[in-house]
Amino acid sequence: MGSIDVVVYCEAGAGQTEASNASLITAGAKLAANQGGRVVCLLVGNDIAEVAGELGQYVDEVRVADAPRHADYDPLTVLGALQKLVVEIDPCAVLFGHTHIGMDLAARLSAKLGTSLISNCFDVQCEAGATHFLRPMYRGRVNAKVAVEGGIIVATIQQSGARQPDLKGGGQVIAIEVEYAEDRRIRPLKTIAPTRSGVDIAKADIVVAGGRGVGEKENFALVEALAAAVGGVSACSRPLVDIGWFTSSSQVGLSGTTVKPKLYIACGISGAVEHVHGMKESGTIVAINKDPDAPIFRIADIGIVGDLLELLPLITTEVKSTRTA
Amino acid sequence: MKIITFVKHVPSSGATPRIAVTKRGIEEEGLAYEANETDLYAIEEALYQRFVHQGTVTAVTIGPRRAQAALHVAYAKGVDHGIHVLTEGSHGTDTALNVAAAAEVVKKQGFDLIFTGIQADDDLQGLFGIALAEHLGIPVISAVTQVNVSADKKTAVVTRELGGGYKEEFEVDLPCLCTVQFGIRPVRYSSIMAIVKARSRKIESMSLEAMKIASRQASRMSIAELSYPENSGQCQMLDGAPAEAVRTLVANLVEKGVI
Ligand SMILES: Cc1cc2nc3c(=O)[nH]c(=O)nc-3n(C[C@H](O)[C@H](O)[C@H](O)COP(=O)(O)OP(=O)(O)OC[C@H]3O[C@@H](n4cnc5c(N)ncnc54)[C@H](O)[C@@H]3O)c2cc1C
Ligand SMILES: Nc1ncnc2c1ncn2[C@@H]1O[C@H](COP(=O)(O)O)[C@@H](O)[C@H]1O
């Protein structure tokens with residue numbers, strides 16, 4: 001039986017986004033159920049027996065390559081393992097998390113297979129015999145419903161905390177050996193852990209984050225003043241790290257830190273998927289943005305359309321007066 | 001060193017494109033465009049490598065006539081050559097076809113290092129660079145934040161981003177392709193004057209149709225429908241005068257017990 005099973009590549013290890021595995025398996029299960037196939041998970045890493053056992057609860061089969069030499073992510077080795085699996089079980093789809101590693105592997109695999117890549121999906125719909133993938137385009141301002149004809153579907157799935165996969169139980173865990181690919185033109189040297197300096201934004205109950213909308217560096221004081229008034233910490237989106245105002249330990253998002261405070265206030269942040277990845281699990285999300293169409297309002301609980309230069313001082317004063325009242 | 005860098009012309013960040021009546025594309029008319037953001041980082045990295053190792057930087061764009069504006073930006077920043085692969089109609093949206101065309105162009109130019117952005121802000125695919133490297137049979141490293149080419153220019157030590165602040169270092173043989181991540185190097189501001197001046201620079205132009213490239217893609221992805229994202233309905237928008245909105249906001253947060 002071919003072309004009905006679904007392969008999901010799960011992550012576990014340094015710099016890998018394990019939290020993305022859940023939505024990935026949910027999407028895989030949906031596709032497989034539609035086809036009457038199985039979900040087979042591939043896991044490559046070091047010291048990952050526990051993760052493999054855990055994932056076995058949710059999928060039909062886990063193939064796990066667990067060895068010290070897999071401690072560092074090696075695209076070619078994983079790609080080799082994926083290609084072998086594809087030949088063996090002839091799946092209808094291979095899914096990855098929409099993470100740095102998932103994006104890298106998915107693009108490589110789709111290029112190898114000569115198929116399209118459907119990246120960044122936030123939903124899969126199987127209805128009336130048709131399968132559609134939903135994904136953002138144009139910086140998240142437009143959604144596209146995408147159809148695929150023929151060939152193996154290669155897709156990356158956004159992390160969504162809301163959807164936990166259904167417990168299946170009894171998934172087989174099978175140890176496999178994967179070889180280093182023959183092509184040694186890329187040689188992994190080392191993994192570098194992030195240097196955490198200053199406050200740990202992941203531990204704060206309240207995070208006030210500023211984005212590119214802050215404009216000038218002096219204006220960031222307004223973000224800091226509000227953070228101080230509400231007893232929280234300040235953080236930022238990626239562009240402010242890229243221009244050198246802050247180090248990456250202040251950055252919220254996919255390539256920075258994931259935070260889950262009870263209150264997150266986003267000031268002048270548009271709400272790109274990569275930023276949202278790192279904060280959407282927050283308790284209450286407040287967004288302040290001068291653009292009423294900014295994608296951040298779609299995940300916020302409370303929104304104000306306006307200029308942060310005007311609004312932040314007002315909020316800070318109001319908070320202070322409420323506190324002393 | 002021969003360095004090639006890709007730059008895509010994409011709708012500007014400020015506005016939401018209007019969806020066409022067919023719902024399968026957007027209305028191009030009246031839309032403002034700009035050079036894709038990560039491609040600006042790629043250009044800066046290309047120029048830095050030229051500064052250290054000498055050689056030339058060629059910028060390539062694939063798109064309709066308007067896409068030449070992306071090359072004006074590249075020229076203003078200091079690239080040596082600009083190549084425009086002209087696409088008409090829907091051909092411009094077929095990634096496989098664009099990749100095949102790009103492969104033809106770079107093979108003709110010769111190259112030691114190729115840079116692309118990590119992803120284009122319009123299609124958000126993150127595929128082009130990796131697919132191009134695959135097509136050319138050269139090694140590729142994605143989400144690159146640092147490139148150190150060895151003195152003999154045969155290898156490079158490249159740092160890429162993993163998730164959550166982790167990074168990984170690779171040694172890679174040249175020629176290779178790097179998809180460049182935001183922030184690899186500061187993007188210098190280009191003045192309007194410099195861009196206007198760049199408009200008179202010579203752009204080598206070729207038509208994708210005339211290149212007679214067949215797409216080798218086995219499966220086809222098509223847009224069934226475009227839509228504006230729905231507001232999940234949960235966001236309470238505080239309209240009204242700023243002072244009033246702010247009072248409501250703070251009262252709300254106090255009521256929720258979060259502050
Ligand atoms: C692989 C990858 C990983 C990434 N990782 C991360 C990550 O970890 N974290 C991250 O943040 N990004 C990340 N990004 C980048 C991400 O795609 C966006 O580019 C980034 O999040 C945009 O930051 P921003 O919202 O601050 O800026 P912009 O998108 O430029 O938005 C600025 C916003 O400010 C508003 N504004 C402007 N002026 C004002 C004003 N006076 N008052 C109020 N509002 C105003 C504008 O309307 C706009 O919405 C990553 C990208 C990739 C490809
Ligand atoms: N039509 C194009 N012209 C020039 N460069 C492109 C084009 N399409 C993609 N690229 C390059 O490939 C990167 C990734 O694009 P994408 O795979 O579309 O997300 C972009 O940042 C560009 O550097």
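Note that the structure is a prediction, hence the values are computed from the model and not measured. Below, read A as the first sequence line, B as the second, and so on, with proteins coming before strands; counting in each chain starts at 1.
- Using a 4.5 Å cut-off between heavy atoms, B:N252 touches chain A through its side chain atoms alone.
- With respect to chain A, the highest number of heavy-atom pairs below 4.5 Å among B:T179, B:I223, B:V258 belongs to B:V258.
- Contacts of B:A224 with chain A are made by both backbone and side-chain atoms, with heavy-atom separations under 4.5 Å.
- Of the atoms belonging to B:P11, heavy atoms from both backbone and side chain fall under 4.5 Å from chain A.
- With contacts defined as side-chain heavy-atom distances shorter than 4.5 Å, the pair A:V142/B:I19 qualifies.
- Heavy atoms closer than 4.5 Å to chain A are found nowhere in B:A120, neither backbone nor side chain.
- Using a cutoff of 4.0 Å between basic side-chain nitrogens and carboxylate oxygens, A:K112 and B:E134 are scored as salt-bridged.
- Under a 4.0 Å N-O distance rule, the pair B:E225/A:R135 does not qualify as a salt bridge.
- Separation of atoms CZ (A:R108) and OG (B:S142) is listed at 6.0 Å; rounding is to 0.5 Å.
- Put simply, the side chain of B:F182 does not reach to within 4.5 Å of the side chain of A:E274, judged on heavy atoms.
- Most heavy-atom pairs under 4.5 Å with chain B, from the set A:A147, A:A106, A:A107, A:P75: that is A:A147.
- Note that CG of B:L238 is 5.0 Å distant from CD1 of A:I304, once rounded to the nearest 0.5 Å.
- The backbone N or O of B:T16 sits nowhere less than 3.5 Å from a side-chain atom of A:R139 that would complete a donor-acceptor pair.
- Contact between A:H100 and B:Q181 at its shortest, heavy atoms only, is NE2-NE2, 3.9 Å.
- Interface summary for chain A: among B:S227, B:G183, B:A243, the most heavy-atom pairs under 4.5 angstrom belong to B:S227.
- Nearest heavy-atom pair across A:G303 and B:C235 is N-SG, 3.7 Å.
- In terms of non-hydrogen atom pairs under 4.5 Å with chain B, the most contact-rich of A:T257, A:I285, A:I192 is A:I192.
- Counting heavy atoms from C-beta outward, A:Y138 and B:I26 have side chains that approach closer than 4.5 Å.
- Put simply, CD on B:Q125 and OG on A:S110 are 8.0 Å apart, with the number rounded to the nearest 0.5 Å.
- Taking a 6.0 Å sphere around NZ of A:K320, one finds it holds 12 or fewer heavy atoms contributed by other residues, nucleotides or ligands.
- None of B:V254, B:I259, B:L253 except one satisfies the side-chain contact (heavy atoms from CB on, under 4.5 Å) rule with A:T322; the exception is B:V254.
- Looking at A:V286, the atoms closer than 4.5 Å to chain B (heavy atoms on both sides) all sit in the side chain, from C-beta outward.
- Pairing each heavy atom of B:G165 with each of A:P194, the nearest pair is O-CB, 3.5 Å.
- Heavy atoms of A:P136 lying under 4.5 Å from chain B belong to its backbone as well as its side chain.
- At a 4.5 Å heavy-atom cutoff, the contact between A:D301 and chain B is made by backbone and side-chain atoms alike.
- Within the 4.5 angstrom heavy-atom criterion, only side-chain atoms of B:Y41, from C-beta onward, approach chain A.
- Across A:I299 and B:Q234, no two heavy atoms sit closer than the pair O-NE2, 3.5 Å.
- Atoms CG and CE, on B:D122 and A:M137 in that order, are 6.5 Å from each other to the nearest 0.5 Å.
- Contact check for A:T191 versus B:K167: no side-chain heavy atoms found under the 4.5 Å cut-off.
- Across A:S249, A:A144, A:A294, the residue that shares the most heavy-atom pairs under 4.5 angstrom with chain B is A:A144.
- Here the options are B:V172, B:V140, B:D173, the test is side-chain contact (heavy atoms from CB on, under 4.5 Å), and the partner is A:R185; only B:D173 passes.
- Atom CD of A:E127 sits in a crowded spot, with more than 12 heavy atoms from other residues, nucleotides or ligands closer than 6.0 Å.
- Salt-bridge check for B:E168 with A:R187: failed, with every basic side-chain N at 4.0 Å or more from each acidic carboxylate O.
- Partner of B:L249 under the side-chain contact (heavy atoms from CB on, under 4.5 Å) criterion, chosen from A:I302, A:L311, A:L314: A:I302.
- Annotation: maximal heavy-atom pairing with chain B below 4.5 Å, among A:D104, A:L254, A:L263, A:V319, occurs at A:D104.
- Separation of atoms CZ (B:F170) and CG (A:L189) is listed at 8.5 Å; rounding is to 0.5 Å.
- Each of A:R323, A:E310, A:K190, A:Q16 has some count of heavy-atom pairs under 4.5 Å with chain B, and the biggest count is that of A:K190.
- We find the OG-CG distance between A:S119 and B:D123 to be 7.5 Å, quoted to the nearest 0.5 Å.
- Contacts between A:N120 and chain B at a heavy-atom distance below 4.5 Å involve the side chain alone, from C-beta outward.
- At a 4.5 Å heavy-atom cutoff, B:R24 makes no contact with chain A through either its backbone or its side chain.
- Residue A:G140 comes nearest to B:P229 through the heavy atom pair O-CG, 3.6 Å, listed as atom of the first residue, atom of the second, then distance.
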Practice task
Carefully, step by step, assess A:N143 and B:L226 under the rule side-chain contact (heavy atoms from CB on, under 4.5 Å).
Solution key: CA-CA 6 Å; A:N143 283 342; B:L226 291 182; over 6 Å; no

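- Looking at B:T155, the atoms closer than 4.5 Å to chain A (heavy atoms on both sides) all sit in the side chain, from C-beta outward.
- Salt-bridge check for B:E37 with A:R212: passed, with a basic side-chain N closer than 4.0 Å to an acidic carboxylate O.
- Counting heavy-atom pairs closer than 4.5 Å to chain A, the top-ranked of the candidates B:A143, B:A251, B:S222 is B:S222.
- For B:V99, no part sits under 4.5 Å from any heavy atom of chain A, backbone or side chain.
- Heavy-atom pairs under 4.5 Å with chain B were tallied for A:P295, A:G244, A:P188, A:S270; the largest tally goes to A:P188.
- In terms of heavy atoms, B:E161 sits closest to A:S255 at OE1-CB, 3.3 Å.
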